[in-house]
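Single-structure report; data block below.
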Amino acid sequence: MQLIQMTPDLSAYLAADEVIDHDHPVVRRTAAGLAREAVDSYDYARAAFTFVRDTIPHSQDAGDPRVTWRASDVLEQRTGICHAKAHALAALLRAEDIPAALCYQRLRHDDSDGHVVHGLVAVRFHGAWHRQDPRGNRPGVDARFSLDGERLAWVPDPAAGEADHPELYATPHPLVLAALRAAPDREHLWRSLPTELPTAR
């Protein structure tokens, strides 16, 4: 699949905003701690991925009703769904001047016939984008940081209506962010997350 960088200016994928707030002290402090142990940018990116994947529980796996969406809140409260964790990882990467994009998959919603939009991160190294999935592993899910072939949590099954979205966004997709911001708790969020995203033209 050919990934599509939606914003030509690469600096957009380094920017701070209300969601990917890598200028926030919590993000800066976390990034500085990870950077101290890293030998280079690749090592830092892998460490940031592992940190978000393993130390911030996915709220569904943990049974946590709280909804987070701003990167600093995800890091401070240590909870979030896939989209929130993607925002946190993007912020940590950008804090160390590593371009990071948000991207998405359409997957079946648990064991139901419905679908839900799943959030990922793409990191740019050596002139190419590489998708990563920091949602958190569990039995049957083994996502890993990789620049040599994707190691995502799930591979979409087109026969089940699942799909990869090739678009790489500098900011969260508006439909995803609106659902996150409006949800009073995770149960409500689960009912309001988008089931698909419009195809970019």
Side-chain angles (χ1 to χ4, degrees), residues 1-5 13-14 20 22 27 30-64 68 71 74-75 78-111 115-158 160 162-170 172-173 176:
M1 181 184 66
Q2 185 70 36
L3 298 175
I4 302 170
Q5 184 176 313
Y13 298 90
L14 291 167
I20 306 175
H22 62 76
V27 181
T30 305
L34 293 168
R36 277 195 297 271
E37 304 296 324
V39 298
D40 54 24
S41 294
Y42 170 81
D43 193 43
Y44 173 83
R46 182 175 50 79
F49 169 85
T50 302
F51 177 84
V52 174
R53 183 193 65 185
D54 295 349
T55 73
I56 301 173
H58 189 287
S59 57
Q60 181 189 25
D61 296 349
D64 192 328
T68 53
V74 178
L75 294 173
R78 294 298 176 94
T79 189
I81 67 165
C82 59
H83 300 290
K85 295 185 67 169
H87 300 166
L89 177 55
L92 289 174
L93 293 168
R94 293 183 186 185
E96 290 297 312
D97 294 321
I98 299 171
L102 300 171
C103 45
Y104 303 93
Q105 295 175 316
R106 183 180 193 245
L107 301 173
R108 290 186 65 175
H109 196 299
D110 299 326
D111 295 324
H115 293 82
V116 69
V117 173
H118 175 60
L120 308 169
V121 170
V123 60
R124 189 171 178 86
F125 275 105
H126 310 306
W129 290 100
H130 307 270
R131 296 191 303 168
Q132 317 293 333
D133 190 343
R135 66 89 56 207
N137 290 339
R138 65 185 190 193
V141 175
D142 185 24
R144 300 187 185 186
F145 185 83
S146 175
L147 303 183
D148 183 23
E150 294 185 336
R151 297 293 303 271
L152 305 179
W154 293 284
V155 176
D157 178 5
E162 299 181 333
D164 281 311
H165 288 279
E167 298 87 358
L168 302 177
Y169 297 93
H173 193 284
V176 171

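- For the atom pair CG (Asp43) and CD (Glu37), the distance works out to 9.5 Å, reported to the nearest 0.5 Å.
- Look at Arg108 and Asp157 and you find no salt bridge, because none of the NZ, NE, NH1 or NH2 atoms lies under 4.0 Å from a carboxylate O.
- Residues Ile98 and Phe125 have side chains in contact (heavy-atom distance under 4.5 Å, counting atoms from C-beta outward).
- Judged by distance alone, with hydrogens and angles left aside, the side-chain atoms of His22 form no donor-acceptor pair with the main-chain N or O of Ala90 at under 3.5 Å.
- Remark: Arg78 CZ to Asp64 CG distance equals 13.0 Å, nearest 0.5 Å.
- By the side-chain hydrogen bond (donor to acceptor under 3.5 Å, both in side chains) test, Glu150 is found to be paired with Arg131, residues two or more places apart in sequence or in another chain being considered.
- Here Glu162 contributes atom CD and His115 contributes atom NE2; the two are 5.5 Å apart, rounded to the nearest 0.5 Å.
- For the side-chain hydrogen bond (donor to acceptor under 3.5 Å, both in side chains) test, residues two or more places apart in sequence or in another chain that qualify with His118 are Asp133.
- Looking at residues two or more places apart in sequence or on another chain, you find a salt bridge (Lys or Arg N to Asp or Glu O under 4.0 Å) between Asp142 and Arg144, Arg151.
- Contact record, Gly136 with Val141: O-CG1, 4.1 Å, taken as the closest heavy-atom pair.
- Inter-residue side-chain proximity for Cys82 and Tyr104 is flagged as unmet; no heavy-atom pair is nearer than 4.5 Å.
- With rounding to the nearest 0.5 angstrom, the CG atom of Asp164 is 7.5 Å from the CG atom of Leu152.
- For the pair Leu102/His173, no side-chain contact is recorded, criterion being any heavy-atom separation below 4.5 Å from C-beta on.
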Verify side chain to side chain contact (heavy atoms under 4.5 Å, CB included) between Leu89 and Val123, making sure each step is shown before the conclusion. CA-CA 10 Å; Leu89 177 55; Val123 60; over 6 Å; no

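- Contact record, Gly119 with His83: N-CE1, 3.4 Å, taken as the closest heavy-atom pair.
- Between Gln60 and Ile81 the shortest side-chain heavy-atom distance does not fall below 4.5 Å.
- Residues passing the side-chain hydrogen bond (donor to acceptor under 3.5 Å, both in side chains) test with Gln132: none are found, sequence neighbours excluded.
- Every residue two or more places apart in sequence or in another chain was checked for a ring pair (Phe, Tyr, Trp, His ring centres under 6.0 Å) with His58, and none qualifies.
- In this structure the side chain of Val121 never reaches within 4.5 angstrom of the side chain of Val52, judged on heavy atoms.
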Trp129 vs Gln5, side-chain hydrogen bond (donor to acceptor under 3.5 Å, both in side chains): CA-CA, chis, key distance, verdict: CA-CA 9 Å; Trp129 290 100; Gln5 184 176 313; 2.9 Å; yes

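- A centroid separation of 6.0 Å or more is found between the aromatic rings of His130 and Phe145.
- Evaluation of the salt bridge (Lys or Arg N to Asp or Glu O under 4.0 Å) test over residues 89-106, restricted to residues two or more places apart or in two chains, returns none.
- Nearest approach of Pro99 to Leu14, heavy atoms of both residues: N-CD2, 3.5 Å.
- Two residues are said to be in side-chain contact when any heavy atoms from C-beta on lie closer than 4.5 Å; Leu75 and Phe51 meet this criterion.
- The shortest distance between side-chain heavy atoms of Leu92 and Tyr44 falls below 4.5 Å.
- Between Ser59 and Thr79, the shortest heavy-atom distance links the atoms CB-OG1, 3.5 Å.
- Nearest approach of Cys103 to Glu167, heavy atoms of both residues: CB-O, 3.5 Å.
- Annotation for Arg135 and Trp154: closest pair NE-CH2, 3.6 Å, computed over non-hydrogen atoms.
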